[in-house]
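These numbers were taken from a predicted model, which means no experiment stands behind them.
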Amino acid sequence: MTEKTPKLRAALDGVPTYKPGKPAAAGGPVAYKLSSNENPYPPLPGVLDTALAAAASFNRYPDMACTGLMAELSERFGVPLTHLATGTGSVGVAQQLVQATAGPGDEVVYAWRSFEAYPIITQVASATPVQVPLTPGDVHDLDAMLAAITDRTRLIFVCNPNNPTGTVVRRAELESFLDRVPSDVLVVLDEAYLEFIRDPEVPDGIDLYRDRPNVCVLRTFSKAYGLAGLRVGFAVAHEPVAAALRKTAVPFGVSQVAQDAAVASLRSEDALRERVEALVAERARVASGLAGQGWTVPESQANFVWLRLGERTADFAAACERAGVVVRPFPGEGVRVTIGETEANDLFLRAAEQFRKEL
């Protein structure tokens, strides 16, 4: 007799599994992890003490409404409390957005390659992913994304800067795009790396959302603020969308430790700015070093750089690992390399130079 197993949704069969950045091997030759877009600095001043104080009460449920954090965000960004929603990192809020807007027969449009969670959260909701190739310069092709909209389109993700290429969409083209998207289609500006942008032509999504009811902005504390392990992000959107996000949130999903650490991080703006400037300077140094070696590197406005390597991707990643740094390969496409400590960046540059010499 054949033993029966629990029936699971057939829609999950084709869902890709999210692949986190490979960790540095414990006790092995690899010294630095540049495979995840993490901040190499420790928590901002005072944040660890605040988190430890909050941890003393983790036998209690957190404030489900995230009252203190919501108030801080409302004041910081000049938006009503009713226009805010929190979640477990910006990816958690992105999943809530898909759940709130799309289901079987509906379509979610996004560039590709872009953040690899987009197809996962779309297919988990039984919606249909519509992937629009990047331009040859690895930038969002907004005209092609417009052409991909149908009467089944419910949501569009625009990752700005784009993960993993670091490229950006500038104000004029983004505003033109938003003006042409049907008003009943939600456009999500995923701005996980906003703090690293130095191109003055790239708009702040919150400025664009204010008079556009179909625009939602995603932000996170995982990157510039260095709270990746605490999982806290937020959305800014007009009231109907924000209310839907609060309905689809996992109850008590954002821990009190995360909430209090996020508030303390927001209050440490000078130290944040100093650290981000240091990472931006390192990004420029790494990009310049790669260009000097002869690599073609898209201009990155994030905390990483992208090398399109095609079939050489796996070999390059292996060479980096032998040199002491782990990078993030996308097989057959390229590698994303996070800007880390100066020593890590130096190791990477040496590995890239040696690899190029051996071509």
Test item: Gln95 and Val91 side chains (from C-beta on) under 4.5 Å apart, heavy atoms: no
Take a 6.0 Å sphere around CZ of Phe252 and say whether it holds more than 12 heavy atoms from other residues, nucleotides or ligands. yes
Test side chain to side chain contact (heavy atoms under 4.5 Å, CB included) applied to Leu189 and Asn160, Leu174, Leu218, the passing residue: Leu174
Nearest 0.5 Å please: distance from the CG atom of Asp141 over to the CD atom of Glu173. 10.0 Å
Counting C-beta onward and ignoring hydrogens, is there a side-chain heavy-atom pair between Phe196 and Ile339 closer than 4.5 Å? no
Cluster overlap Leu134 with Val139, hydrophobic side-chain contacts below 4.5 Å: no
Taking atom CD as the centre, does Glu269 end up with more than 12 heavy-atom neighbours from other residues, nucleotides or ligands that are less than 6.0 angstrom away? yes
Ring centroid separation for Phe234 and Phe77, is it under 6.0 angstrom? yes
Side chains of Arg308 and Asp138: does their closest heavy-atom pair fall under 4.5 Å? yes
For Asn37 and Arg328, which I'm curious about, is there any donor-acceptor pair between the side chains at under 3.5 Å? no
Do Thr150 and Val130 have side-chain heavy atoms sitting under 4.5 Å apart? no
For Phe115 together with Tyr110, are the ring centres under 6.0 Å from each other? no
Are Arg219 and Glu195 ion-paired here, with the side-chain N under 4.0 Å from a carboxylate O? no
Assigning hydrophobic clusters by single linkage (Ile, Leu, Val, Met, Phe, Trp, Tyr; side-chain heavy-atom cutoff under 4.5 Å), is Val297 placed with Val280? yes
Salt bridge (Lys or Arg N to Asp or Glu O under 4.0 Å) partners of Asp106, counting only residues at least two apart: Arg154
Can you tell if the side chain of Asn303 reaches within under 4.5 Å of the side chain of Asn39, non-hydrogen atoms only? no
Do Val168 and Glu299 have side chains that approach each other closer than 4.5 Å (heavy atoms only, starting at C-beta)? no
State plainly whether one hydrophobic cluster holds both Leu266 and Val236, where clusters connect Ile, Leu, Val, Met, Phe, Trp and Tyr through side-chain heavy atoms under 4.5 angstrom apart. yes
Nearest-0.5 Å distance, CG of residue Leu307 to CZ of residue Arg336: 12.5 Å
Hydrophobic cluster identity match, Leu227 and Met70, side-chain contacts under 4.5 Å: yes
Flag, side chain of Gln293 to backbone of Arg356, donor-acceptor distance under 3.5 Å: no
Kindly state each residue pair satisfying side chain to side chain donor-acceptor pair (under 3.5 Å) with at least one member in residues 225-241, sequence neighbours excluded. Ser222-Arg231
Non-hydrogen side-chain atoms of Phe221 and Leu230 separated by less than 4.5 Å: no
Flag for Asn162-Ser114: side-chain donor and acceptor within less than 3.5 Å: yes
Does Glu358 CD have over 12 foreign heavy atoms under 6.0 Å away? yes
Below 4.0 angstrom, N of the basic side chain to O of the carboxylate: do Arg171 and Glu201 qualify? no
Does Pro129 offer a backbone N or O that forms a donor-acceptor pair with the side chain of Gln123 under 3.5 Å? no
Co-members of the apolar cluster containing Val250 [side chain, <4.5 Å]: none
Go through it in stages, so that I can follow the logic: the residues are Leu69 and Val232, the test is side-chain contact (heavy atoms from CB on, under 4.5 Å), and I'd like the CA-CA distance, side-chain angles, deciding distance and then a yes or no. CA-CA 10 Å; Leu69 177 56; Val232 55; 3.9 Å; yes
Quick one: do Thr122 and Thr128 satisfy side-chain contact (heavy atoms from CB on, under 4.5 Å)? Show the steps, please. CA-CA 7 Å; Thr122 299; Thr128 301; 5.9 Å; no
Atom pair CG (Asp204) and CG (Leu208), whose distance is rounded to the nearest 0.5 Å: 7.5 Å
Gap between atom SG of Cys320 and atom CG of Asp315 - 0.5 Å precision: 11.0 Å
Determine whether Phe348 and Tyr32 make a side-chain contact, defined as any pair of heavy atoms from C-beta on separated by less than 4.5 Å. no
Could you check whether any side-chain N or O of Ser288 sits under 3.5 Å from a backbone N or O of Ala284, counting only pairs where one atom can act as donor and the other as acceptor? no
Glu282/Arg285 salt bridge by N-O under 4.0 Å criterion: yes
Check Asp143 with Arg180, please: is the shortest side-chain N to carboxylate O separation under 4.0 Å? yes
Rounded to the nearest 0.5 angstrom, the OG-CG distance for Ser265 and Leu272 is 8.0 Å
If hydrophobic clusters are built from ILVMFWY residues whose side chains come within less than 4.5 Å, do Phe330 and Val335 share one? no
Just wondering, more than 12 heavy atoms not from Glu75 lying within 6.0 Å of its CD? no
